[in-house]
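Reminder, nothing fancy here: chain letters follow the sequence lines and each chain counts from 1. The figures here come from the full heavy-atom set of this structure, side chains too, leaving out hydrogens, waters and symmetry mates. Keep in mind it's a predicted model, so treat the numbers as computed, not measured.
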2 protein chains.
Amino acid sequence: MASLSDVIEAGGRRFRTATEYVAATLKQAILAGALPPGTPLRQEDLAGRFEVSRMPIREALRQLEAQGLVDFEPHRGAIVVEISLADALDNFAIRGGLEAQALRHSLPNLTAADLDRADEIIAEIDREDDVSRMGELNRRFHMTLYAAAGLPRLLALTEQHLVAADRYLRFHLATDGDMGQVDHRAMIAACRAGDKAAALAALDRHLSTARDGLAGFFGSRSA
Amino acid sequence: MASLSDVIEAGGRRFRTATEYVAATLKQAILAGALPPGTPLRQEDLAGRFEVSRMPIREALRQLEAQGLVDFEPHRGAIVVEISLADALDNFAIRGGLEAQALRHSLPNLTAADLDRADEIIAEIDREDDVSRMGELNRRFHMTLYAAAGLPRLLALTEQHLVAADRYLRFHLATDGDMGQVDHRAMIAACRAGDKAAALAALDRHLSTARDGLAGFFGSRSA
DNA sequence: TGAATGTCGATTGGATCCAATCTAACAATC
DNA sequence: GATTGTTAGATTGGATCCAATCGACATTCA
């Protein structure tokens with residue numbers, strides 16, 4: 001039988017405003033690749049599809065602009081931002097900075113239960129085939145290790161850029177075929193040992209190898 | 001006599017849309033403290049003051065929400081976000097991560113001219129008394145050292161959080177009375193020497209001392 | 001022929017209007 | 001006396017309408 005909190009939780013998933021609904025759906029569509037880079041986002045067209053007026057569309061596009069997912073130009077409208085190697089490197093640099101800080105602040109507060117959950121997620125990744133689900137799991141793994149940092153803004157920003165990285169995941173998997181599970185396990189081991197330097201080194205390796213793999217992919221593609 | 005480009009430049013300072021104008025002005029007002037934390041931002045009221053309709057106000061508030069300057073709650077409206085020690089610590093952690101990355105990527109590309117300009121800004125800071133101008137100069141100093149990183153997203157995010165830090169500057173100066181000029185100079189010296197580790201260490205000291213000073217201020221205030 | 005200008009359709013930015021939601025104060029009930 | 005229901009006012013969310021801007025194509029003039 002469903003408890004009261006279950007019902008509240010389920011109800012809470014619904015969107016409170018049309019703007020929220022549009023923003024969340026568009027974001028999902030862009031990250032999943034349903035709206036390829038360069039796609040112009042015509043307000044009137046979107047209003048028709050979502051069955052709302054143009055105003056919530058506009059407000060949603062503003063939010064996506066702030067998150068770096070669409071480009072906005074006065075009187076010309078919004079387009080889905082292009083993806084490129086430069087963009088990916090930018091994303092990696094940002095994540096490198098943010099995730100290192102998150103890990104630094106979180107590590108001393110991590111409990112055994114946290115690390116056990118991280119282990120479970122790693123096992124799930126091993127069993128998973130679907131690309132978009134793997135992105136979700138990867139994100140949850142990382143955020144599980146950072147959650148104890150107790151710095152909400154830092155964590156929100158970190159998660160935001162982890163989500164943005166999903167756009168590059170398909171390219172990354174096309175080359176390596178794996179998710180850097182070795183580094184994932186090394187990070188957990190270092191956290192269990194309370195070895196901050198080792199944990200940061202593993203994180204750095206994790207991001208560096210992913211970055212280099214992606215750079216190689218883009219390099220061969222342009223050649 | 002003014003050249004054509006001068007005229008265009010002056011005209012370019014004007015805002016292309018009402019939304020841009022409102023967003024920029026509100027942001028300035030919040031960071032300068034003209035709109036204290038907790039102030040409710042009534043859309044109708046703002047529309048009257050800016051002499052525009054409520055729509056550009058709403059879009060501007062959305063942008064400020066994305067930048068973490070105002071809190072938005074459905075049907076209840078927007079308020080200027082509270083400042084607190086927790087918030088300041090969050091900001092320092094984010095800046096620590098981002099600025100370290102920016103410096104890492106920028107340092108190898110810094111020219112002597114860049115460092116000379118940084119020196120000039122330091123001298124200007126020494127001569128300056130006005131608090132808000134000092135914030136501006138401090139920001140320009142840091143960004144001058146990071147500009148060669150060639151990662152536009154990282155730089156934009158870094159600057160955004162440097163701007164946000166202006167809100168705490170007055171508290172900081174109230175305790176220390178100085179701007180961490182020693183560390184500023186150490187950063188330049190390390191950059192000139194091409195010593196990445198020393199530069200990063202100086203940056204870390206810079207942020208740590210500022211953070212501890214602020215924590216002390218908040219601690220004594222609450223006690 | 002080629003560059004500058006004018007016109008037209010498409011699209012966005014902004015204003016106004018109406019509906020939905022929240023807050024607060026007061027009345028009613030247990 | 002405390003909780004609940006009700007109602008009025010304020011405020012926001014969303015729809016519709018109008019004006020300003022941009023791009024492309026046709027036109028004109030050197």
Identify the two heavy atoms, one from [X] and one from [Y], that lie closest to each other, and give their separation to 0.1 Å.
| X | Y | value |
| --- | --- | --- |
| A:Ala149 | A:Leu155 | CB-CD2, 4.4 Å |
| B:Leu169 | B:Val131 | CD2-O, 3.8 Å |
| B:Ala102 | B:Thr158 | CB-OG1, 4.5 Å |

Inset, instruction - Would you classify A:Leu41 as touching base, sugar-phosphate or nothing, given that sugar-phosphate means primed atoms plus P, OP1 and OP2, and contacts are heavy atoms under 4.0 Å? - result: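 The answer is sugar-phosphate, as A:Leu41 gets under 4.0 Å only of primed atoms, P, OP1 or OP2.
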Spacing between [X] atom [atom1] and [N] atom [atom2], to the nearest angstrom:
| X | N | atom1 | atom2 | answer |
| --- | --- | --- | --- | --- |
| B:Tyr21 | C:dG13 | OH | P | 19 Å |
| A:Arg58 | C:dT12 | CZ | P | 9 Å |
| B:Asp45 | D:dT12 | CG | P | 10 Å |
| A:Arg62 | C:dG14 | CZ | C1' | 12 Å |
| A:Glu73 | C:dA10 | CD | P | 22 Å |
| B:Leu61 | D:dT11 | CG | P | 15 Å |
| A:Gln43 | D:dG14 | CD | C1' | 14 Å |
| B:Glu51 | C:dT16 | CD | P | 12 Å |

Legend entry - A:Met55 vs A:His75, nearer the 5' end of DNA chain C by closest nucleotide: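 Mapping each residue to its closest nucleotide by heavy atoms, the 5'-most match is A:His75.
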Legend entry - Residue pair A:Lys27, A:Val163: steps toward the side chain to side chain contact (heavy atoms under 4.5 Å, CB included) verdict: CA-CA 10 Å; A:Lys27 183 173 178 176; A:Val163 170; 4.1 Å; yes
Legend entry - Donor-acceptor side-chain pairing of B:Thr209 and B:Asp212 below 3.5 angstrom: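 The answer is no; no qualifying pair exists.
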With hydrogens left out and only the distance checked, is there a donor-acceptor pair under 3.5 Å joining [X]'s side chain and the base of [N]?
| X | N | result |
| --- | --- | --- |
| B:Arg76 | D:dG13 | no |
| B:Arg16 | C:dG13 | no |
| A:Arg54 | C:dG13 | yes |

Inset, instruction - Assign each of B:Arg42 and A:Pro56 to its nearest nucleotide of DNA chain D by heavy atoms, then name whichever residue's nucleotide is nearer the 5' end. - result: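 It is B:Arg42, whose closest nucleotide lies nearer the 5' terminus.
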Inset, instruction - Look at B:Ser53 and C:dA15 and indicate whether a side-chain polar atom (N or O) is within less than 4.0 Å of OP1 or OP2. - result: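 Answer is yes, contact under 4.0 Å.
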Legend entry - Phosphate OP1/OP2 of C:dG13: any B:Thr19 side-chain N/O under 4.0 Å: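 Looking at the OP1 and OP2 atoms of C:dG13, neither is under 4.0 Å from any side-chain N or O of B:Thr19.
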